[in-house]
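Step one of this worksheet: look at the structure below.
First the proteins, then the strands, lettered A, B, ... as listed; each starts at 1.
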Amino acid sequence: MELKIAAPELARALARSLGIVEKKSTMPSLSHVLLEATKDGGLKVSATDLDVTVIGEHRCEVLKDGALAVSARHLHDIVRSLPGDQVTLKRASNNYLELKSGASEFKLVGLPAEDFPALPRFEKVKFAPVKTDLVLEMIERTQFAASSDETRYNLNGVFFESGQGAVRMVATDGHRLSLAERKLDVDFGLKKGVILPRKGLTELRKLLAEGAEGDGQPVDGELGFVENNAVYRRPGVTLMMRLIEGVFPDYRQVIPAQQEKIFNLKRLDLLATLKRVSILSSDKAHAVKLELSPGSLKVLSQNPDLGEAREDVAVGYEGDPLKIGFNARYLTDVLEALDVENVQVELADDLSPGVLRPVAEEGYTAVIMPMRI
Amino acid sequence: MGMTRTVGPFGAGAAAPVVPLWYRRGVEPARAILHLDLDAFYASVEQLDDPSLRGRPVIVAGPSSRGVVCAASYEARRFGVRSAMPTARARQLCPAGVYLPPRFDRYGALSDQVFGVYRRVTPLVEPLSLDEAFLDVTASRALFGGGVEIARRLRREVKEETGLTVSAGVAEVKFAAKIASDLGKPDGLTVVPPGGTAAFLAPLPVGRLWGVGRVTEAALSRLRVATIGDLARADPARLAAALGDSAAAWLAALARGEDPRPVVPDEESKSVGAEETFEEDLAGAEALLPWLRGQAERVARRLRAAGLAGRVVTLKVKYADFTLVTRRVTLDAPQDDGLAIYEAAVAQLARADLSRPVRLTGVSVSGFGAGEREQLGLFAAPPPPGREKRERLNAALDALAEKFGEDAVVPASARRGR
């Protein structure tokens, strides 16, 4: 294998692999990227942790075809720090990778391509086109609510379902739930909903945000499902993720139908208030108390070790008063994920879930369970 | 160089400053630290509860053939019986002794009572075990008189209220207080006068210092350091060469009577557990289950008594060859029910190798996570049928245990070592 490639192009390929390769694995090849130079003038860069796999195809000048696996992190760190804009990669004897750029020369210990795990290849994927900014928004509005508790593996991802001209994504950690819905009249051929893993979505988010030439200009791709995998691809890159096998809880039953106590707020005002007041909440529970009364919302926190905080926010509310406690993080996560001017808060009583939605926009609902106060 | 050594904050071989960086001399005013140690505690409790045992050699020891001595009365110590000695050996030394199985419930209750007396003078009580504690009475002196006076008062009140004798050491630093209380045993009060710590320590053998074991002692004796005074006077460079910079600096500071460690009051428990070493090794799940049931029930009772419920259940299995495995599981909801904890532990037992003989099992519950109980769940199914009933049952059982002892009512399938 021998090839010449633009350093920024190679750096981009390697950056994509960094989130996927395993840092501490018993299988050394999982910390490696597979480099494959093909005769038709392309470099294929693949990384996998056996659940999430990315394969990028990059333009380069191939002098000799061949393949080799090397440490993803080290190659990335080297390429990123090179002064020149051209890099020559060459496979030397004993699976060394020789890298030259300007006055710099590196020899990296590598592994034969055969030691790299076999990558999934899917023949009959039924792809459907997806809009990059739409998918990106839906991931950003849901993923934060997924659980990171590994014992609740069925909640470690985002539920995805499509039908009746719409796609829905839902995430929950058992305390709060986030649902995003958008019109999208395509057929993914899914008979029922699937659970997309958090790690795979993080990588998908990066790819979507990266743009066609790494310039952030959105380029649309397509999404398909096959054999318990989700596959996203666009020219030059394919991302595959193994779906989480498990039953996602019935989210519909926890979304309250009609709540009595409703008021609107400027999103950024409420966010800033919550952040200030929760400085004095306890580290773990981030508890804040909301005291709602006609015309006013008080946000309070207290901590026996630190002290207390309160802030008064004017709201156009005329109903019965209510005192309710929340984990401030659950509220701020939602407010940070929404890119809207105003939000609507809907409450019932101190033991029933609160609902947050954008004002004058369909398609997003957050449900948050209160804390006992 | 074929030698590794720890480099202190001042670098290898740098001259002199042997005081740890974090120790700033003279920052704090002289402290008054008490070390209080109940004399031959378990044995004394037995003599207290059964007057016919007074004056006789009483040995509290595990009843099993593999047991060790938990405590020996001073009468028994004259025969050479010591704590942690195998019971079989004690029986050889003192065949006429009265051998009793431990009654930890009773000791725990008396210990609570004694520590309650201590807490009248300061909240800064650091328990080391059921019978030993450090107290920082620096700030209490304004209310109750000097450290010596407080020690006298506590010894008197413990004696009057429980009938037990406690030995006390009063010093400016923790380890000197501990050495002092030990020197005065039994029923003694030893005072290290302010500013006199180094002089008090000087004649004592270096082995008295915390952190000086056989290896360090041998290394020191090669430097002709036999007493703590020798150590205080020893050349810091030679000490550092023999012990490493940080150990040398630490021990030299102790030898000069400098010990900045504060008294740390009892922390809130992070886990609640119960475990037992079996009289003979057991094999197979069948044999272990009754013990797990008993352990789970005891853990659950202690959790309820402390008002705790935890999500993490840990099973500990020690095999006959002393290898130890632990298996843990995180439950969906915090638990304080014995049956639920038992079921979680049994599920973990399936993940342990049960073809090998087992010497010990233990069950513990942790993950009390602050606030977790207050955060309501979205999918919190209505409590499983019968949960309320179980809660009422547990409350009733707890009330019975309170009145008639922990073993008054237990599940028929539970076993416990006695």
Side-chain angles (χ1 to χ4, degrees), chain A residues 145-155 170-179 247-256 278 281-289 301 303-305 324-331 348-355 365-373, chain B residues 123-124 262 264-271 306-315 326-336 340-352 363-384 387-388 391:
Chain A
S147 173
S148 50
D149 179 349
E150 282 176 26
T151 61
R152 312 183 85 174
Y153 65 96
N154 62 326
L155 303 184
V170 190
T172 179
D173 62 3
H175 302 310
R176 36 82 180 263
L177 176 144
S178 216
L179 179 151
V247 178
F248 199 78
D250 182 6
Y251 62 89
R252 288 177 199 86
Q253 67 167 23
V254 300
I255 299 174
S278 64
S281 301
S282 79
D283 290 344
K284 251 188 161 168
H286 305 284
V288 290
K289 188 160 82 169
S301 67
N303 181 329
D305 298 327
I324 187 169
F326 281 110
N327 179 332
R329 275 279 305 282
Y330 293 169
L331 297 169
D349 59 59
D350 61 343
L351 299 179
S352 303
V355 173
T365 308
V367 182
I368 303 174
M369 282 305 283
M371 301 177 78
R372 263 182 230 278
I373 45 174
Chain B
L124 297 177
V264 183
D266 200 7
E267 284 175 33
E268 276 184 44
S269 33
K270 296 191 172 72
S271 81
L308 294 169
R311 272 186 72 198
V312 180
V313 176
T314 306
L315 170 73
T326 57
R327 298 282 179 264
R328 63 173 51 197
V329 60
T330 304
L331 306 173
D332 287 340
Q335 273 298 350
D336 63 3
I341 293 166
Y342 167 70
E343 282 168 355
V346 171
Q348 298 316 298
L349 192 62
R351 296 170 55 209
V363 174
S364 67
V365 172
S366 56
F368 307 131
E372 266 192 50
R373 284 190 111 179
E374 288 77 34
Q375 172 66 52
L376 303 174
L378 264 176
F379 302 98
R387 171 154 137 209
E388 217 172 292
E391 278 174 6

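When heavy atoms are compared at a cutoff of 4.5 Å, A:Tyr330 approaches chain B solely by way of its side chain, counted from C-beta outward. Both the backbone and the side chain of A:Leu351 come within contact range of chain B, with heavy atoms under 4.5 Å apart.
The side chain to side chain donor-acceptor pair (under 3.5 Å) test applied to A:Asp149 returns A:Thr151, B:Arg311, not counting sequence neighbours.
With chain B as the partner, the residue from A:Pro370, A:Pro249, A:Pro353, A:Ala287 showing the most heavy-atom pairs under 4.5 Å is A:Pro370.
Rounded to the nearest 0.5 angstrom, B:Gln375 CD and A:His286 NE2 are separated by 11.0 Å. A distance of 11.5 Å separates CG in B:Leu376 from CG in A:Asn327, rounded to the nearest 0.5 Å.
Within a 6.0 Å sphere centred on CZ of B:Arg327, heavy atoms belonging to other residues, nucleotides or ligands number more than 12.
Across all their heavy atoms, A:Asp250 and B:Phe379 have their closest contact at O-CE2, 3.9 Å.
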